[in-house]
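Report on the following structure.
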Amino acid sequence: MEKILVIGAGGQIGVELTLALRAKYGQDNVIASDIREPHVLLADSGPYVQLDVMNSNAVSLLVQKEKVTQIYLLAAILSATGEKNPLWAWDINMKSLMNILDICVEQKVSKLYWPSSIAVFGNTTPKENTEQKTIIEPVTVYGISKYAGELWCQYYFDKYGLDVRSLRYPGLISWKSAPGGGTTDYAIDIYIEALKKQSYECFLSEHTYLPMMYMDDAIRATIELMEAPKESIKNRMSYNLSGMSFSPKEISEAIQKHIPGFTISYAPDFRQKIADSWPKSIEDKEAEKDWGWKAEYDLEKMTAAMLENLKTVKRM
Ligand code: NAD
Ligand code: SER
């Protein structure tokens, strides 16, 4: 029987991933943990432990006590927040990963999931349909920490045989829990403001294309990757993962089909430089070939789902 620990479970991905894992593996078999108080959707749906991932001893004791067999490490400082305090972001992102890699080896945890990001790519990377293996020279502290982390995952697989798996998520768009300080967060805020005020001021410029994905696809990809047979996983750094690509202008036009009076204006800030360093679109042939990945949501389908779901939240 699997016993799963999700670290950073109170965040944008963690809440939905924990709920999906609980539905699949049984609620008592998925322990949610975060440095914060439990998120409202997690509090009554299974075990919750408030802890700091930087406290290696506390995590190690929990893993031992609960006989944890799989860890999903989601705690991290994202791109925009990271640029405000680079050394702190580096410390959290790297130390959390090194702590968990070591605990997995020491306690014989059978599988580790740790996400990377499109932020590993930088200004020198080809922008369109960016390939898995290409020029990788990240410019943000977040991107540098993700690329270093990918190399450490590969190292622990090679040296200790740790079954570590990873995805380079695009910008993730969701409605159940708030995003945590990324450059792609505009594509969530825009839906919320469209419903609230029928207008939105975007912190990226009109034609800034970025790779994006609806959360349902991202959760499915994560679980499919983790459940794939070990021999199918040929990449022990991190797989490119592609959903869709659009600009602020295009997402606003998709919203206007549902809310005709919606308007958008543009006031790019420091996040523009981060977005400009990332690819416009990426390809994910290796994920498709190795474990059968295929995204289901495009911009139209996601827009309909986001607006419908956010209306439900407003009524609650
Ligand atoms: P988030 O900021 O929403 O959530 C991170 C969670 O980690 C938060 O709940 C936070 O309280 C927790 N946390 C922070 N420091 C902690 C600590 N010291 N101990 C324990 N918990 C701590 O982030 P997210 O969007 O859910 O991202 C999860 C992972 O996915 C991160 O590694 C992120 O880099 C990666 N990722 C996210 C996206 C995206 O668009 N959301 C894209 C690419 C990669
Ligand atoms: N969505 C994330 C960010 O913008 C990408 O990793 O930071």
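As the structure lists them, so they are numbered: ligands from 1, and atoms in each ligand from 1. Quick note: numbers below take in every heavy atom, side chains included, and nothing from hydrogens, waters or symmetry partners.
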Whether Trp291 and Trp293 hold their rings parallel, tilted or perpendicular, with breakpoints at 30° and 60°: tilted

For the residue pair Leu42 and Arg22, establish whether any side-chain heavy-atom pair is separated by less than 4.5 Å. yes

Under 4.0 Å, heavy atoms only, figure out whether ligand 1 is touched by the backbone of Arg168, its side chain, both or neither. neither

Do Ser166 and Glu150 get their side chains close enough for a donor-acceptor pair, meaning under 3.5 Å? no

When you look for protein heavy atoms under 4.0 Å from ligand 2, which residues do they belong to? Leu78, Ser79, Ser117, Tyr142, Gly171, Gly182, Thr183, Thr184, Trp278

Taking the inter-plane angle between the rings of Tyr214 and Tyr297 on a 0 to 90° scale, is it parallel (under 30°), tilted (30 to 60°) or perpendicular (over 60°)? tilted

Go through the side-chain N and O atoms of Thr81 and Tyr142 and say whether any donor and acceptor fall under 3.5 Å apart. no

Would you say Thr222 and Tyr169 are linked by a side-chain donor-acceptor pair, where the criterion is simply a distance under 3.5 Å? yes

Under 4.0 Å from a heavy atom of Ala75: which atoms of ligand 1 are those, numbered in the order shown and with their elements? 7 (O), 13 (N), 16 (C), 21 (N), 22 (C)

Is His39 near ligand 1, meaning one of its heavy atoms is under 4.0 Å from it? no

For Val53, is at least one N or O under 3.5 Å away from an N or O on ligand 1? yes

I need the contact type for Pro170 against ligand 1. Using non-hydrogen atoms and a strict under-4.0 Å cut-off, is it side chain, backbone, both or neither? backbone

Counterpart residues, side-chain hydrogen bond (donor to acceptor under 3.5 Å, both in side chains), relative to Lys197 (two or more places apart): Glu193

Which label fits Tyr186 and Phe203: parallel for a plane angle under 30°, tilted from 30 to 60°, or perpendicular past 60°? perpendicular

